[in-house]
Each structure stands twice: as structure tokens, then as C-alpha cells.
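Below is one structure, written out as C-alpha cells, with a few remarks after it.
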Amino acid sequence: MTETTRPPHTKDNSTTDARRVTLFPERGVTVLQQLERKGYRIPFQCREGYCGACRMTLIKGRVEYPEEPLAFRGANEVLACSCKVVVDVTVEFRG
Amino acid sequence: MSYQTFNQRDFNTFTQPMFFGETVNVARYDQQKYPIFEKLIEKQLSFFWRPEEVDLSRDRKDFIALPDHEQHIFLSNLKYQTLLDSVQGRSPNVALLPIVSLPELETWIETWAFSETIHSRSYTHIMRNVLTEPGAVFDDIVTNPAIVERATSVTRYYDELIEATQHFQTQSAEWQNGDEGRIALRRLKRLLYRTMVSVNVLEAIRFYVSFACSFAFAERSKMEGNAKIIRLIARDEALHLTGTQHMLNLMAQGQDDPEMAEIAREERDTVVEIFREAARQEKDWAAYLFKDGSMIGLNTDILGQYVDHITDQRLTALGFEPLFGQPKNPLPWMDAWLQSDSVQVAPQETEITTYLVGAIQSEVDTGALEDFEL
Ligand code: FES
Ligand SMILES: [Fe+2]
Ligand SMILES: [Fe+2]
């Protein structure tokens, strides 16, 4: 897989920015793993769907959860560690 | 009418709200209004651990070698953690069991509180191993003004709810169903909502601030056995705060109890104030911790920035606006210590003596480790 997106960690100000990233379906890879491969540092604690640390906003597209996660997620939110892209997805998160 | 240990009325569990409906009767889980609570129970049980499994002999040597001001930081932080888990080991039971209406939620509350008693026992394990005289440290928790002030703020909402519930439940059924009773019940719901918010603040903010102090020592390869225990505690707390976020969101959404949703709307400003106040208190506490000197990697300012960061993260998780402009996490190493898939592979190796923690070790997901950074 070729990846040209530059990791977003060049700025060093003290507040976080909202970032939007588009992802495509990839077999066996979670949204969190896709974002990490692109160089984003996404906060996580459990990677198992129970802590909610990786919660982010779903702007468009569709994800699926091979296993229903325990952590709360709102109507337009996803838990990045526990879902995979089904239809091209745009997520928004702070980083 | 007072609390009954086995409500003899026949009712449909699916018509019951989480709290203030019928009191529970049969502890049955074949029909569940909210299956999430049983999943939380199962997860919590799968986490079971015992503090005695973590060897602390090196921590004792480390502690003796710490300069005085760092001993003060370590012990004060441990006292605060002891206080918080003393509260959490009993208060969910005392405050919530008399008013809960769903068996799966009742059992989650009991399972949750039980895991807090493991945390409490682990502080004794730590102090016994690290100190020759642990008694004085425990005694200080009820006499030290800085700690007593913390106690007041973490118990206030619980205590108000407990008192009002006791009052309500000792009135006649006639009174409870009359005008006064209806007003009292609405007030009870308000107190419950505030209590749940303050529990979320306790577990999702106050505890995380204390974790930062524990891990700051381990970052310098000091007190690593202690950090090992705190990581196991942090894994439990991540689950607890998820449970509380579910309850708060169910309350706010209104399908569970429409009156509760009204109250949640009325309480939005109060919620923000509870978070703001807690953030201020945690910063005051940071100033007390570092009053005689900072430590490498952590001081009053940095811990204060972490308070801002974690407060905003928790507020936005509940659908509120951030208070502090969502600053970055100033302690990037916190994530590595909090990651529970690396509970098994502490950045610095610590002896683990028995098989149970060993069982946790064997669950290492090698895929996840590829991304593990120190
Ligand atoms: S990292 Fe815990 S829910 Fe995703
Ligand atoms: Fe705890
Ligand atoms: Fe807890």
C-alpha cells in the first residue's frame, strides 16, 4: 500500500485541531489501524471497545463492528479501535 | 414505604426505568432491558486480579532512596487514591442499590463496587510493602486538611442523595404518591443525576490525575511495582467510566425516564460547574503535591495542563462544550502506561510472581504491539 499523506505532527502548538480524514474499505483492518498507518496518533487505552478513548465523529460513510463494543457512542460517533470501513468513510477527530 | 429486599409485586421489567421504578425482586438475567450492563459485568469479571500477585520488593528500596519532597508526592497521591477508592468501594452500593429497578443494573453496581474493594486492598498491599509504619499514613487521611477537603468534595453528592432517599423511603405510600412525594421524587432524580456526574468526575478525571503521578515515578524507573498495580486499576476504571457514561446518556436521552431527561436538560449548567469546580480542585491539589519541589517530568503547571486536557475530553464525551480549549495531552507517556494491551509488557520490567497476572500476560496481541511506542 502506498501512502502519501504526511503525518500531521509537524506543528507543535499546545491545542489540538479537528482533522478530517477519508478512509477506504480494507479487509481485516480497523479504522484505528488505518489512521495509525497514516501516521496519526490517536489516543487509545484498550483497543477492545470498552474504554471509549478512541471515540471520534463519523462525517460520512459506513462502518461495521465485527463485535459490538461496550463503550458508549453517540449517533454520529464511532469507536475507531472496533470498527472497519464498509463504505468510504470520513472521520473527524482531534489530534 | 421503605426498601424491600424482595419486591412481591408482579411487573414487567421492560416497563421499568433504571432507577426509582419498582424495587427489584428476582435476580434474573434472561430478560434484560439494557444488556450492556451484563456485558460490563462479564468484562469486569474477566479482569479479575489480586494485588498480592504484584511483587513490590524493589519499590521499597526505591521509596527509601527518594528525596523527601518526592516521598511527599508519592504518599500524598497514594492517600488520595485510598480516599477515592474508600468512597467508591461503598457508595455505589449504599446510594444506588436502594433505588435501582433493573436486575442487570443492580448486579453491575455490585460488581463495580466489588472491583473497587480490590483497589482499596491494593493500597494496603503497597503501603505494607513500601513502609515500615503504614498506620500513620492511613491515619493522616482523616486528619490532613488537604485530604479532608478532597473527601468533602467527592462525597457531597453521594451523601445528599443517600439522605434524601432515606427520608423518602421512610414515608408512607400515601405521602409518596401525594404532591409532596412527587416533588420529593423529582428532587431525588436531580440528586441522582448530579451524583452520577460527580462519580464520572471522580473516576474519569480525579483518578486519571492521580494515575499521572503514579506513572511519572515509573517513567523514571522508580516505584514500578506500584505502577503495575495502578495499570490494573486503570483498566478497571476505564470500564467503570464507560458504565457511568452509559447511565448518564440513557438518562439524558429520555426513553428510560422522560422526567430524568427534563432534569438532565435543566442541569446542564450545573454539570459544567461540577466539572469546572473539580478541575480547579485538582489544580489546587497539584500545588499541594509539589509544594516542596517538583519531580522530573511533572510539576504543578504540567499536571494542571493535564487536568484541562482530561476535563475537556470527558466533557465532550458527554456532549458538552469543552471548558479549556481542548489542549493537547502534555504527558504523552500517559498513553503508553494506560494502554491495557500493554499491561503485560510494562515499559520497564517488573517481576510478576504468580500465574493470574501471568494469564493476563499471555493475552498479548502481537498485532497491537507493533504499534506500541515507548
Ligand atoms: S481504544 Fe478503548 S474503545 Fe477504542
Ligand atoms: Fe477504583
Ligand atoms: Fe472505579
Side-chain angles (χ1 to χ4, degrees), chain A residues 1 3 7-19 26-57 65-82 84 92-95, chain B residues 35-40 42-44 46-47 204 208 231 234-250 252-253 305 308-309 312-314 316-319 322 324-330 332 334-343 363 365 367-368 370-373:
Chain A
M1 187 183 116
E3 192 51 71
H9 299 294
T10 41
K11 287 198 316 178
D12 201 8
N13 55 355
S14 62
T15 54
T16 53
D17 297 318
R19 298 175 188 285
E26 211 181 311
R27 194 195 303 257
V29 182
T30 64
V31 167
L32 178 61
Q33 286 167 332
Q34 283 207 37
L35 290 169
E36 285 172 340
R37 286 178 189 183
K38 287 177 183 291
Y40 295 98
R41 255 189 93 123
I42 310 295
F44 68 87
Q45 187 172 340
C46 69
R47 296 182 87 94
E48 259 187 74
Y50 66 77
C51 76
C54 65
R55 189 185 286 115
M56 52 181 68
T57 309
Y65 293 86
E67 250 181 274
E68 187 56 31
L70 267 62
F72 175 82
R73 62 181 198 274
N76 60 343
E77 290 173 333
V78 295
L79 295 165
C81 71
S82 305
K84 293 172 181 154
E92 186 179 282
F93 55 89
R94 302 194 77 86
Chain B
I36 180 65
F37 295 114
E38 188 185 35
K39 290 191 191 151
L40 290 168
E42 284 168 358
K43 198 74 180 171
Q44 184 67 70
S46 79
F47 286 172
Y208 278 70
R231 300 181 93 172
R235 183 177 65 172
D236 292 338
E237 292 308 330
L239 197 62
H240 302 171
L241 73 90
T242 283
T244 306
Q245 283 174 353
H246 275 291
M247 285 185 247
L248 282 168
N249 279 297
L250 284 167
Q253 282 161 6
Q305 286 164 35
D308 290 348
H309 163 78
D312 277 357
Q313 190 177 311
R314 301 320 189 188
T316 52
L318 293 177
F324 304 107
Q326 294 185 289
K328 274 197 179 121
N329 182 357
M334 267 296 272
D335 278 357
W337 288 98
L338 284 174
Q339 285 155 21
S340 27
D341 62 355
S342 51
V343 164
E363 288 166 15
D365 169 358
E370 287 166 13
D371 304 318
F372 182 65
E373 283 175 30

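Per chain, numbering begins at 1; letters A, B, ... match sequence-line order. Side-chain atoms are counted along with the backbone in the values below, which use heavy atoms only and exclude waters and symmetry mates.
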Between A:E48 and B:K43, is there a side-chain N and carboxylate O pair less than 4.0 Å apart? yes
The criterion is salt bridge (Lys or Arg N to Asp or Glu O under 4.0 Å); which residues satisfy it with A:E67, sequence neighbours excluded? none
Which answer fits B:Q253, side chain, backbone, both or neither, if we ask what part of it has an atom under 4.5 Å from a heavy atom of chain A? side chain
Can you tell which of B:H309, B:H240, B:H246 has the highest number of heavy-atom pairs within less than 4.5 Å of chain A? B:H246
If you count heavy-atom pairs within less than 4.5 Å of chain A, which of B:N249, B:L239, B:L40 leads? B:N249
Evaluate B:R235 against A:Q45 for side-chain contact (heavy atoms from CB on, under 4.5 Å), listing each step before the verdict. CA-CA 8 Å; B:R235 183 177 65 172; A:Q45 187 172 340; 5.6 Å; no
Interface residue of largest heavy-atom contact number with chain B, from A:E77, A:R73, A:R94, under 4.5 Å: A:R94
Between CG on residue B:L338 and CZ on residue A:F44, distance to nearest 0.5 Å: 10.5 Å
What distance separates A:F72 CZ from B:L318 CG, expressed to the nearest 0.5 Å? 8.5 Å
Could you tell me the separation between the NZ atom of B:K328 and the CG atom of A:D17, rounded to the nearest 0.5 Å? 7.0 Å
Under 4.5 Å between any side-chain heavy atoms of B:N329 and A:P43, yes or no? no
Where does B:I36 contact chain A at under 4.5 Å (heavy atoms): side chain, backbone, both or neither? side chain
